[in-house]
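On a predicted model such as this, the values are computed, not experimentally measured, just so you know.
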Amino acid sequence: MLKNNSQNCQKVISAKVDYWDNKNNITLLIDTGCERCTSSCIMSAASKKITIHSSKKYNTGDTVSLIIDEKYMLKLSILLYGLPLLIMFAVSLIIDTVFHNDILTAISSALSLIISWLILKYISKNINKSPVRILE
């Protein structure tokens with residue numbers, strides 16, 4: 001029986017403060033993967049910049065530890081990847097059933113993916129909760 005190795009990965013990452021503004025938004029540069037982890041994690045790839053809100057003031061160059069909410073990341077991933085595909089398949093099925101036209105089905109599938117992407121882009125700008133927070 002296979003063991004779930006996800007509990008060994010702490011999902012704690014280090015980041016350096018790149019910029020802090022007057023509205024308590026901090027831009028962080030993530031240049032390392034998970035601490036104490038040998039498995040491949042979502043944040044272990046190339047350097048990334050993220051901006052999060054914090055009530056505490058940090059100076060440029062300070063190193064902070066971030067923790068990732070795994071359940072929230074999973075929900076976001078399902079929303080961002082699953083919803084457009086589900087909408088595309090539903091639109092394709094409806095158009096193919098009604099019109100029996102392959103070209104129309106392909107065009108409507110592509111349009112539904114584009115529309116889903118635009119809707120999700122709008123929604124993602126209005127989401128206030130971040131899956132990443134500073135470990136204090």
Side-chain angles (χ1 to χ4, degrees):
M1 187 171 180
L2 297 174
K3 283 186 172 181
N4 185 356
N5 198 14
S6 64
Q7 292 176 343
N8 294 336
C9 187
Q10 296 293 319
K11 302 294 184 200
V12 175
I13 57 176
S14 295
K16 289 191 178 182
V17 177
D18 189 46
Y19 178 74
W20 180 81
D21 67 8
N22 294 336
K23 297 178 184 176
N24 291 337
N25 293 320
I26 304 170
T27 303
L28 300 164
L29 179 62
I30 300 171
D31 55 1
T32 60
C34 298
E35 296 174 359
R36 301 177 305 277
C37 181
T38 57
S39 64
S40 61
C41 294
I42 195 168
M43 298 301 285
S44 62
S47 297
K48 295 176 176 66
K49 282 189 177 183
I50 62 168
T51 302
I52 59 175
H53 184 77
S54 175
S55 58
K56 186 176 177 184
K57 182 181 177 184
Y58 295 95
N59 296 321
T60 302
D62 286 350
T63 301
V64 295
S65 293
L66 303 175
I67 190 162
I68 302 170
D69 184 358
E70 294 177 12
K71 290 181 182 178
Y72 190 70
M73 286 284 285
L74 180 63
K75 289 176 185 178
L76 283 178
S77 297
I78 290 172
L79 178 71
L80 293 176
Y81 295 109
L83 188 62
L85 286 175
L86 183 66
I87 291 171
M88 182 193 72
F89 286 132
V91 168
S92 298
L93 182 65
I94 292 168
I95 296 297
D96 189 49
T97 303
V98 173
F99 296 106
H100 303 292
N101 186 336
D102 291 341
I103 294 173
L104 187 61
T105 302
I107 292 170
S108 65
S109 297
L111 284 175
S112 69
L113 278 177
I114 292 169
I115 291 169
S116 297
W117 178 75
L118 291 173
I119 291 170
L120 287 174
K121 189 171 182 174
Y122 174 76
I123 290 172
S124 68
K125 286 184 179 181
N126 295 326
I127 294 176
N128 293 328
K129 185 178 177 186
S130 174
V132 179
R133 63 181 172 84
I134 296 176
L135 187 64
E136 298 182 86

The reported gap from CG in Leu120 to CG in Leu79 (rounded to nearest 0.5 angstrom) is 5.0 Å

Side-chain hydrophobic cluster, 4.5 Å single linkage: members besides Ile103 | Ile107, Leu111

Say whether Phe99 and Ile94 are linked into one hydrophobic cluster, either directly or through other cluster members, by side-chain heavy-atom distances under 4.5 angstrom.
-> yes

Using the test side chain to side chain donor-acceptor pair (under 3.5 Å), find all partners of Thr51 that sit at least two apart in sequence or belong to another chain.
-> Thr27

Within one Ile-Leu-Val-Met-Phe-Trp-Tyr cluster: Met88 and Leu80, side-chain cutoff 4.5 Å = no

Pairing residues for Asp18 by the salt bridge (charged side-chain N to carboxylate O under 4.0 Å, His left out) criterion, not counting sequence neighbours | Lys49

Where do Ile50 and Ile26 land on the side chain to side chain contact (heavy atoms under 4.5 Å, CB included) test, with the steps shown first?
-> CA-CA 8 Å; Ile50 62 168; Ile26 304 170; over 6 Å; no

Evaluate the side chain to side chain contact (heavy atoms under 4.5 Å, CB included) criterion for residues Tyr58 and Ile134: first the C-alpha distance (whole Å), next the side-chain angles of each, then the deciding distance (0.1 Å), finally the verdict.
-> CA-CA 11 Å; Tyr58 295 95; Ile134 296 176; 3.5 Å; yes

Any Ile30 side-chain heavy atom under 4.5 Å of Val132 side chain = no

Side-chain heavy atoms under 4.5 angstrom apart, residues restricted to Ile, Leu, Val, Met, Phe, Trp, Tyr: same cluster for Leu113 and Val91?
-> no

So if you build clusters from Ile, Leu, Val, Met, Phe, Trp, Tyr with side-chain heavy-atom gaps below 4.5 Å, do Ile123 and Tyr72 land together?
-> yes

What one should report as the nearest heavy-atom pair of Ala15 and Leu66 is CB-CD1, 3.8 Å

Would you please name every residue forming a side chain to side chain donor-acceptor pair (under 3.5 Å) with Thr63, sequence neighbours left out?
-> none

When rounded to the nearest 0.5 Å, the distance separating CZ of Arg133 from CD1 of Ile68 is 11.0 Å

Rounded to the nearest 0.5 Å, the NZ atom of Lys16 sits from the CG atom of Leu28 at a distance of 12.0 Å

Distance from Ile95 atom CD1 to Thr105 atom OG1, nearest 0.5 Å?
-> 7.0 Å

Considering non-hydrogen atoms only, spot the tightest contact between Trp20 and Lys56 and give its length.
-> NE1-O, 4.1 Å

Name all residues meeting the side chain to side chain donor-acceptor pair (under 3.5 Å) criterion together with Ser92; count only those two or more places apart in sequence or in a different chain, and write none if there are none.
-> Ser109

Atom pair CG (Leu135) and CD1 (Ile67), whose distance is rounded to the nearest 0.5 Å = 5.5 Å

Hydrophobic cluster partners of Ile78 (side-chain heavy atoms under 4.5 Å) | Leu74

Under a 4.5 Å cut-off applied to non-hydrogen side-chain atoms, are Leu83 and Ile119 in contact?
-> no

